[in-house]
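Everything numeric in this text was worked out from a predicted model, so none of it was measured. Just so we're on the same page: letters track the sequence lines, and every chain starts at 1.
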Number of protein chains: 2
Amino acid sequence: MSDAALWTALADPHRRAIVTLLLERPRPVGEIADACGLSQPSASKHLKVLREAGLVRVSQEAQRRVHALDPAPIAALDAWLEPYRRLWNRSLDALGRRLDETPADTRPPQRRTGPPCPPTSPAPT
Amino acid sequence: MSDAALWTALADPHRRAIVTLLLERPRPVGEIADACGLSQPSASKHLKVLREAGLVRVSQEAQRRVHALDPAPIAALDAWLEPYRRLWNRSLDALGRRLDETPADTRPPQRRTGPPCPPTSPAPT
DNA sequence: TTTGTGCATTCCTTGACCGGCATATAACCA
DNA sequence: TGGTTATATGCCGGTCAAGGAATGCACAAA
């Protein structure tokens, strides 16, 4: 479950779709294939990649193999993202300060649309 | 700068290395190639992919082309990650609660190490 | 103007991956 | 036992991306 395997697994749009699908609830392979418009073998292969990246876990139910999301590896991505998020928040803060020092009617009309993570320091709203 | 371009750009380990390198400071192509052990054309090509994903910006300085990191697109990744982060935090909280209900000397020694980003809002589930 | 430097682009080869198809495997059912 | 369902796997052809070598291009220095 290397970092590389994780990135590789999520690089494919079909696999991201599968992961998003499993966010809702665990599902058997056939259902995943249908929902994503994949053939059964294709879905099975993608699920294998996701399994090897640690992103999904399987549990056998009779003949079915129900795949469930395991969000734990996402933490590794999140950790990798951390310094960039900090940088991004810093530049947002800087923008905010610049805007605060600018007369209102000369400002660009855009405003912060809300990054998914709260800034580390109070940003003007 | 589609989402797909962003994932594709970051899926390559060399490109992630470049991005990490640029976290420190902007650099010209040759320096990036050296630092990452890439040939100059190879570095140039990777930088093109990163540029097209919006992750780096170029500024010309004499004959040099200095590449700087632009963390903005990272926000898109962060947004994609958000629901998984929530899920992960929920399971950590559940673990924490279970641990709190368990006599101390039967617990595993681990404790929540702190996900890099606090949950932004009470999960609207 | 010539030469040198820094970088981008093109061509080519190779390797990886994806999808489809056929088939193997395993569990359930009659 | 034989058949059906659900899934995995192997093979094949096509596509795409990466790396290397050679080259083109822009700018600067002499």
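- Cluster annotation: Val49(A) is not connected to Ile18(A) through the hydrophobic network of ILVMFWY side chains, with a link wherever side-chain heavy atoms come within less than 4.5 Å.
- In this structure, the side chain to side chain contact (heavy atoms under 4.5 Å, CB included) partners of Pro26(A), at least two apart in sequence or on a different chain, are Val66(A), Ala68(A).
- Within the 4.5 Å cutoff, the side chain of Trp80(B) has heavy atoms near those of the Val19(A) side chain.
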Could you write nucleotides 14-30 of chain D as a row of B, S and -, 5' to 3', where a protein heavy atom under 4.0 Å of any base atom gives B, of only sugar-phosphate atoms gives S, and otherwise -?
----SBBBB-----S--
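- The side-chain hydrogen bond (donor to acceptor under 3.5 Å, both in side chains) check on His46(B) picks up Arg15(B), with sequence neighbours excluded.
- Shown for residues 25-34 of chain B: residues whose heavy atoms fall under 4.0 angstrom of DNA chain C, namely Pro28(B), Val29(B), Gly30(B).
- The hydrophobic clustering, which links ILVMFWY residues whose side-chain heavy atoms are closer than 4.5 Å, places Val58(A) and Leu47(A) apart.
- Using a cut-off of 4.0 Å between Lys/Arg side-chain N and Asp/Glu carboxylate O, Arg25(A) and Glu31(A) are scored as salt-bridged.
- Between the CD atom of Glu61(B) and the C1' atom of dG6(C) there is a distance of 13 Å, given to the nearest Å.
- Atoms NZ (Lys48(A)) and P (dA16(C)) sit 16 Å apart, rounded to a whole Å.
- Residues satisfying the side chain to side chain contact (heavy atoms under 4.5 Å, CB included) test with Ala72(B), not counting sequence neighbours, are Trp88(A), Asp70(B).
- With sequence neighbours excluded, no residue forms a side-chain hydrogen bond (donor to acceptor under 3.5 Å, both in side chains) with Glu61(B).
- OP1 or OP2 of dA8(D) sits under 4.0 Å from a side-chain N or O of Arg65(A).
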